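Following this message is one structure expressed as structure tokens.
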Amino acid sequence: MKEKIIVKDLVKKFGENTVLNNINTTINEGDVVCIIGPSGSGKSTFLRCLNRLEETTSGSILISGDDLTAEKTNLNQIRQHIGMVFQHFNLFPHLSILENIILAPMDLKKMSRKEAEAQAILLLESVGLADKKDAWPESLSGGQKQRVAIARALAMQPDIMLFDEPTSALDPEMVGDVLNVMKRLAKQGMTMVIVTHEMGFAKEVANRVMFIDEGNFLEDGTPEQIFNNPQNERTKDFLNKVL
Ligand code: ADP
Ligand code: MG
């Protein structure tokens with residue numbers, strides 16, 4: 001099993017507020033990890049540390065062996081391997097769907113327009129939105145925007161995908177389509193770290209579930225272990241509230 005992400009003694013503080021309290025974990029290639037926990041527990045901060053959208057206070061993060069926190073690290077190089085999908089899509093409003101998807105590969109990977117467009121069309125087909133290539137983001141539903149956001153992230157051909165509550169801002173009827181796209185990615189072997197409140201998805205798709213509370217990973221196990229036999233009182237308490 002290849003180690004994809006190694007987190008060692010990760011501490012993140014905002015001022016005096018310790019948001020991540022000495023996190024140690026290893027995520028292997030092909031792992032689909034769902035992170036669950038109460039609001040404000042540090043889920044987004046953890047995810048953002050994994051591609052250094054957030055500077056860590058101390059500790060180290062290795063991505064495929066490269067130290068993300070080292071001074072000499074070529075951050076842009078590492079980030080190209082990590083796709084991120086946010087709750088609020090963040091599509092570029094002034095660009096068509098196709099332009100949204102081809103921008104980064106042309107810019108950062110120096111892909112030709114022709115090649116980037118061909119790839120974008122395949123990606124749009126794979127998320128069921130081939131007919132939207134010339135549409136504007138504002139004309140799409142939330143669920144469609146999120147599927148475009150996933151296609152856009154995949155256009156960089158990442159080998160890790162991070163998702164921060166990708167379905168939390170969606171109307172309920174949109175959630176399934178987005179989760180199906182994610183499910184397919186998981187089946188294809190993508191290494192995924194997903195912050196979610198979709199416990200059904202976590203049970204079905206994740207091979208690991210981690211429970212975080214007040215900046216501590218209190219529990220880490222298979223969905224079976226976490227949902228059917230949680231060990232920690234706080235996990236039990238949290239699951240009682242959300243299940
Ligand atoms: P979650 O995603 O689990 O809801 P977050 O990671 O967003 O939690 O936040 C964890 C804690 O860190 C919260 O107390 C939040 O107020 C604090 N926090 C998050 N981002 C910042 C920031 N940029 N500046 C100061 N405090 C922050
Ligand atoms: Mg969050």
Side-chain angles (χ1 to χ4, degrees), residues 5-25 27 31-61 63 68-69 75 79 82-91 142-143 145-146 149-150 152-153 158 160-172 174-175 178-179 182 191-203 205-206 208-221 223 226-227 230 232-243:
I5 304 172
I6 302 176
V7 178
K8 278 188 208 150
D9 301 328
L10 171 63
V11 174
K12 173 63 184 175
K13 297 183 184 190
F14 288 109
E16 293 295 291
N17 186 12
T18 302
V19 172
L20 297 173
N21 188 11
N22 209 45
I23 307 282
N24 284 282
T25 191
I27 294 171
D31 269 353
V32 178
V33 179
C34 281
I35 297 178
I36 61 172
S39 177
S41 56
K43 302 182 298 296
S44 295
T45 304
F46 176 70
L47 219 54
R48 292 165 60 82
C49 284
L50 293 184
N51 63 359
R52 223 169 107 182
L53 282 178
E54 214 64 81
E55 292 290 342
T56 56
T57 303
S58 62
S60 65
I61 299 172
I63 305 287
L68 194 60
T69 50
L75 194 54
R79 277 205 187 125
I82 309 176
M84 180 137 182
V85 173
F86 302 88
Q87 188 174 350
H88 292 291
F89 334 125
N90 304 352
L91 297 180
K145 280 184 207 164
Q146 193 60 300
I150 294 172
R152 184 178 60 175
I160 299 171
M161 285 284 287
L162 309 176
F163 294 85
D164 194 357
E165 299 197 32
T167 59
S168 295
L170 303 180
D171 291 332
M174 307 282 176
V175 170
V178 172
L179 292 180
M182 293 167 62
T191 306
M192 298 163 75
V193 186
I194 307 158
V195 173
T196 187
H197 298 294
E198 295 288 337
M199 299 300 157
F201 176 84
K203 275 183 196 168
V205 183
R208 263 172 90 183
V209 176
M210 307 206 274
F211 173 71
I212 182 172
D213 189 50
E214 295 181 352
N216 297 297
F217 279 114
L218 295 184
E219 208 144 353
D220 179 352
I226 305 293
F227 292 117
N232 193 289
E233 286 307 318
R234 285 181 184 266
T235 319
K236 289 180 194 171
D237 193 44
F238 175 76
L239 291 174
N240 278 335
K241 287 185 188 134
V242 298
L243 287 179

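Every number for a ligand or one of its atoms is a count from 1 in the order of the listing. Note that this is a predicted model, so its numbers are computed, not measured.
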Check whether F89 forms a cation-pi arrangement with K145 (NZ or CZ under 6.0 Å from the six-membered ring centre, at most 45° off the ring normal).
no
Would you say E54 has any N or O atom under 3.5 Å from an N or O of ligand 1, going by distance alone?
no
Any N or O of V19 closer than 3.5 Å to N or O of ligand 1
no
Heavy-atom proximity to atom 1 (P) of ligand 1, picking from G15, G37, G40, C49, points to G40
Might you confirm whether atom NZ of K203 has over 12 heavy atoms from other residues, nucleotides or ligands at distances under 6.0 Å?
yes
So F211 and F238, would you call those rings parallel, tilted or perpendicular, with 30° and 60° as cut-offs?
tilted
Point-to-point distance, once rounded to the nearest 0.5 Å, from CD1 of I226 to CG of D220
6.5 Å
Does Q87 bring an N, O or S atom to under 2.8 Å of the Mg ion (ligand 2)?
no
Check whether any side-chain heavy atom of T57 lies under 4.5 Å from a side-chain heavy atom of T18, and answer yes or no.
no
Element-labelled atoms of ligand 1 that are located less than 4.0 Å from some non-hydrogen atom of S39:
4 (O)
Going by the atom numbers of ligand 1, which of them fall below 4.0 Å from some non-hydrogen atom of P38?
3 (O)
Distance from Q146 atom CD to L91 atom CG, nearest 0.5 Å?
8.0 Å
Run through T56, I212, V7, V11 and flag the one making a side chain to side chain contact (heavy atoms under 4.5 Å, CB included) with L20.
I212
Evaluate whether atom NZ of K236 has more than 12 neighbouring non-hydrogen atoms of other residues, nucleotides or ligands under 6.0 angstrom away.
yes
For atom 6 (O) of ligand 1, the protein heavy atom that lies nearest, with its residue and separation:
T45 OG1, 2.5 Å
Any non-hydrogen protein atom less than 4.0 Å away from atom 15 (C) of ligand 1
no
Should F14 be counted as touching ligand 1, given the test is an N or O pair under 3.5 Å?
no
Between N17 and ligand 1, which residue portion shows a heavy-atom distance shorter than 4.0 Å: side chain, backbone, both, or neither?
side chain
Give the residue and atom name of whichever protein heavy atom lies nearest to atom 7 (O) of ligand 1, and the separation in Å to one decimal.
S44 CB, 3.8 Å
